[in-house]
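Take a look at the structure below.
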Number of protein chains: 2
Amino acid sequence: MEWDEIDKKILTLLQQDAKQTTKELSLKLHLSVTAVYERIKKLERSGVIEQYVALLNKQKIERNFVVFCHVKLTTHSKETIVEFEKDVKKLHEVLECYHVSGDYDYILKILVQNMEAYREFMVTKLTTLKHIGSTHSIFMIGEVKNSTHILI
Amino acid sequence: MEWDEIDKKILTLLQQDAKQTTKELSLKLHLSVTAVYERIKKLERSGVIEQYVALLNKQKIERNFVVFCHVKLTTHSKETIVEFEKDVKKLHEVLECYHVSGDYDYILKILVQNMEAYREFMVTKLTTLKHIGSTHSIFMIGEVKNSTHILI
DNA sequence: CTTGAAAGTCGGTCGAC
DNA sequence: GTCGACCGACTTTCAAG
């Protein structure tokens, strides 16, 4: 799909605030409501805009303990990888999981309540997964930046 | 702020799809439109709901090259830390930055177009920041999971 | 791309329980 | 806390230029 500067601007604005009305957007973009509406629908249909979500304040919901966990598998067969990835997807504490280059196979971003909850998560969930070789946890001391906004 | 099971359910639903109308939510929750409306407003006012955003498909906007960069600073004075954090926040390629425990001081999640763009980013942006000691890049081979949904 | 009009839906406020 | 009703504003679709 092709898009121009106006589409980029729309995506920027919607990444900042998805609750803006098309009327507000039309004023900012100096376009008609219909034009903005059609462009947004096109971006949604084409899949560029994947979803609209509410982002929560991690502190206020007491889920502020972020851990990066590097995971190494015991073997690296297709079946092992597929099974591990299927299992890890089910863990709601794991917000992100990436297959990566380097010393470890995967990086997991895990969000729990506190160290106790993390211990519980490791003992009862992560380390019970099949094919887990070793893990290495890096704990967040402070969040400097956390954004979903991709500059286009 | 205190909240009950209904509030939790609302937060879950809005984290999945923020474009649902209060009417749709009221049907799912077996409540009146007004009741749902008031609860959402309370969650917004209290700051539990931080913002509503559009999430984009990274592949379709050709910004699919994810790198985790571990950064070590040269010194660790208050001024050094404050300045580094201020500078790194300005880099739009850095979506996330965490001060962490362990061998490195910071973990950065960086999103760029490709390896070439990453090289350019490193040479012209990240390594030009003051107080940068060493860096270690881990490249994403595949995305297994990437969610903003926090289970409450 | 624009404007304008139409129909239906929704947000936000109200008084009442 | 809950509800139903109200109205202005909004979305969405359409035709026409």
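Chain letters run A, B, ... following the sequence lines, proteins first and then strands; every chain starts at 1.
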| field | Distance, rounded to the nearest Å, where B:Glu24 contributes CD and C:dG8 contributes P | value | 18 Å
| field | Sequence-distant partners of B:Thr80, side-chain contact (heavy atoms from CB on, under 4.5 Å), two or more places apart | value | B:Leu73, B:Thr75, B:Ser77, B:His131
| field | Hydrophobic cluster partners of B:Val53 (side-chain heavy atoms under 4.5 Å) | value | A:Val53, A:Leu55, B:Leu55
| said: Could you tell me how far apart B:Lys41 (NZ) and C:dC10 (P) are, to the nearest whole angstrom? | reply: 15 Å
| request: Applying ring pair (Phe, Tyr, Trp, His ring centres under 6.0 Å), name anything that partners B:His99, two or more places apart in sequence or on another chain. | output: B:Tyr106
Could you run down the sub-3.5 Å N/O contacts of the protein with nucleotides 1-4 of chain D?
| from | atom 1 | to | atom 2 | distance (Å) |
| --- | --- | --- | --- | --- |
| D:dT2 | OP1 | B:Arg39 | NH2 | 3.2 |
| D:dC3 | OP2 | B:Ser32 | N | 2.9 |
| D:dC3 | OP2 | B:Ser32 | OG | 2.6 |
| D:dG4 | O6 | B:Thr34 | OG1 | 2.9 |

| said: Let me check the geometry of the helix from C:dC1-D:dG17 to C:dC17-D:dG1. What is the bend angle between the axes at its two ends, five pairs each, to 10°? | reply: 20°
| field | Under the side-chain contact (heavy atoms from CB on, under 4.5 Å) test, residues paired with B:Val94 that sit two or more places apart | value | B:Val88, B:Leu91, B:Cys97, B:Leu108, B:Ile110, B:Phe121
| remark: In whole angstroms, the gap separating P of D:dT11 from CD1 of A:Ile40 amounts to 8 Å
| request: Figure out the OH/C1' separation between A:Tyr37 and D:dA9, and round it to whole Å. | output: 16 Å
| Any residue meeting side-chain contact (heavy atoms from CB on, under 4.5 Å) with B:Lys78, in chain and number order, not counting sequence neighbours | B:Val82
| remark: side chain to side chain donor-acceptor pair (under 3.5 Å) pairs touching residues 110-124 of chain A, sequence neighbours excluded, are A:Tyr118-A:Ser137
| request: Show which residues join A:Tyr104 in its hydrophobic cluster (side-chain heavy-atom contacts under 4.5 Å, direct or indirect), or state none. | output: none
In residues 62-72 of chain B, what donor-acceptor pairs under 3.5 Å come from side-chain atoms, sequence neighbours left out?
| from | atom 1 | to | atom 2 | distance (Å) |
| --- | --- | --- | --- | --- |
| B:Arg63 | NH1 | A:Leu151 | O | 2.8 |

| Those residues of residues 9-23 of chain B lying under 4.0 Å from DNA chain C by at least one heavy atom | B:Thr21, B:Thr22, B:Lys23
| Pairing residues for B:Glu44 by the side-chain contact (heavy atoms from CB on, under 4.5 Å) criterion, not counting sequence neighbours | B:Ile40, B:Lys41, B:Ile49, B:Tyr52
| field | Any donor-acceptor N/O pair, B:Ser101 side chain to A:Phe139 backbone, under 3.5 Å | value | yes
| query | Expressed in angstrom and rounded to an integer, what is the separation of A:Leu25 atom CG from D:dA9 atom P? | reply | 18 Å
| For B:Ala35, does its backbone N or O pair with a side-chain atom of B:Glu38 as donor and acceptor, under 3.5 Å? | no
